[in-house]
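In what follows, a structure is listed as structure tokens, so that the remarks can point back to it.
Naming: A, B, ... by sequence-line order, numbering from 1 per chain. What you see is a predicted model; the values in this text were computed from it and never measured.
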Amino acid sequence: MINPKPWPRSRFEHPTLQVARALLGQRLVRRHSHGQRLAGIITETEAYIGSDDLACHARSGQTMRNASMWGPAGHAYVFFTYGMHWMLNIVTEAEGFPAAVLLRGIWPTEGIQIMHANRDAPSRRALGDGPAKLCQALEIDRQWDGVDLCRKDAQLFIESMPAVDEILVTTGPRVGLTQVPEPWKSIPWRFRVDPRKIPAETGGFPG
DNA sequence: GCGACGATGGGCT
DNA sequence: GCCCATCGTCGCA
């Protein structure tokens, strides 16, 4: 049996594509009340890299909303969109360079009852198979923007799990980019793994 | 299973 | 005013 440890900051201080890829199969953990954990295996990520990336919120410079992306790696960047949804990113690379990984999907493994109470979902999978869904399931909103995932007492962090085999990873264009020009619209900066193919001993399926 | 579409409000030009 | 790094529902297969 493995004894998972939280990712240290050094693991986020790498090129964003590497971090986005490496986060697949890792465990996202949210400490809830009464010592209860809400957690899931990360199944889908996207990279947003610098102000040259015209899909990245950093494209129009630093503002109040996106300031977290310029901060140190290993912090949360949480933003609000479509009038009702929150999205969770993890900041990457060097402080001063705006980049982050969007978490787009988890396979829930702990605290499933609480997640069902947090959002009306028809299945376990549907609790976390979307960037706004996982935020709702884990109760992530504006108050988590800028939070450090690498502190010893962090209430939100990544727990280290065995790396997912390269052969299980698929890539493709990032989702939901409508007005974004090429090459940014189609560049394959989205990473996915089928949780059913992650070995059970790593907590991938079915938990 | 899949495509279309409306909801809804903050951020930016 | 317009634009969203989305989601749930509805219609149709």
Side-chain angles (χ1 to χ4, degrees), chain A residues 12 15-24 26 28 40 42-71 73 75-93 97-108 115-147 149 156 158 169-196:
Chain A
F12 297 103
T16 306
L17 292 175
Q18 286 181 26
V19 179
R21 161 71 184 77
L23 279 169
L24 294 179
Q26 306 300 295
L28 176 66
I42 297 172
T43 57
E44 183 174 342
T45 62
E46 282 176 1
Y48 290 86
I49 312 175
S51 44
D52 293 339
D53 173 5
L54 295 183
C56 182
H57 287 168
R59 65 185 177 272
S60 42
Q62 188 172 347
T63 66
M64 196 79 77
R65 180 202 199 201
N66 63 20
S68 294
M69 272 204 291
W70 274 262
H75 287 240
Y77 166 45
V78 178
F79 68 90
F80 182 73
T81 192
Y82 291 109
M84 60 191 102
H85 298 307
W86 296 96
M87 309 267 167
L88 171 62
N89 300 249
I90 306 178
V91 177
T92 57
E93 310 209 21
F97 182 81
V101 174
L102 171 68
L103 302 186
R104 290 193 54 89
I106 61 170
W107 172 258
M115 292 190 209
H116 272 294
N118 287 340
R119 65 175 261 99
D120 189 23
S123 67
R124 177 174 174 181
R125 164 171 295 251
L127 286 169
D129 66 348
K133 295 181 187 179
L134 72 89
C135 284
Q136 197 179 4
L138 299 186
E139 302 174 35
I140 303 292
D141 62 15
R142 76 166 75 246
Q143 70 187 44
W144 293 85
D145 183 39
V147 160
L149 277 61
L156 182 70
I158 301 296
V169 176
T170 58
T171 64
R174 294 171 291 181
V175 174
L177 310 182
T178 52
Q179 303 288 94
V180 176
E182 299 292 359
W184 310 112
K185 188 184 172 84
S186 302
I187 199 165
W189 286 359
R190 178 192 193 193
F191 300 85
R192 277 190 295 177
V193 63
D194 184 341
R196 291 170 299 186

Once you round it to whole Å, what is the distance between P of C:dC3 and NE2 of A:H85?
19 Å
Examine B:dC12: is either OP1 or OP2 under 4.0 Å from a nitrogen or oxygen in the side chain of A:T63? Give yes or no.
yes
Tell me what A:R174 touches on the nucleic acid: a base, only sugar-phosphate, or nothing, going by heavy atoms under 4.0 Å.
nothing
Could you tell me how the ring of A:Y77 sits relative to the ring of A:H57: parallel (under 30°), tilted (30 to 60°) or perpendicular (over 60°)?
perpendicular
Can you check the A:I187 CD1 to C:dA5 C1' distance for me, whole Å?
15 Å
Per side-chain contact (heavy atoms from CB on, under 4.5 Å), A:Y48 is matched among A:V101, A:L102, A:T92 by A:L102
Report the base-pairing partner of B:dT8 (Watson-Crick or G-U wobble, both distances below 3.5 angstrom), or none.
none
Atom pair distance, as rounded to whole Å: CG in A:D120 and P in C:dG8
8 Å
Heavy-atom closest pair (A:L134 atom, A:R104 atom, distance to 0.1 Å) is CD2-C, 3.8 Å
At their closest point, which heavy atom of A:L24 faces which heavy atom of A:E44, and how far apart are they?
CD2-N, 3.7 Å
Re C:dA5: Watson-Crick or G-U wobble partner, both distances kept under 3.5 Å, found to be none
Rounded to whole Å, how long is the line connecting atom CZ of A:F79 with atom P of B:dG10?
15 Å
Nearest listed nucleotide, side chain of A:Y77, among B:dT13, C:dA5, B:dG10:
C:dA5
Gap between atoms CD and P, on A:E44 and C:dT6 respectively (whole Å)
10 Å
Spacing between A:Y82 atom OH and B:dA7 atom C1', to the nearest angstrom
12 Å
Position toward the 5' end of DNA chain C (nearest nucleotide), A:A55 or A:A126:
A:A55
Among C:dT6, B:dG11, C:dA5, which nucleotide has an atom closest to any side-chain atom of A:A132?
C:dT6
Given C:dT6, B:dG9, C:dA5, the nucleotide with the shortest approach to the side chain of A:F80
B:dG9
Quick check: does any side chain N or O of A:R119 sit under 3.5 Å from a backbone N or O of A:G128, one acting as donor and the other as acceptor?
no
What is the distance, rounded to the nearest whole Å, between atom CG of A:L102 and atom P of C:dA5?
10 Å
Would you say B:dG10 has OP1 or OP2 under 4.0 Å from some side-chain N or O of A:R142?
no
note: A:M84, atom CE; B:dA7, atom C1'; distance rounded to Å ~ 4 Å
Quick one: is C:dC7 close enough that its OP1 or OP2 comes under 4.0 Å of any side-chain N or O from A:R119?
no
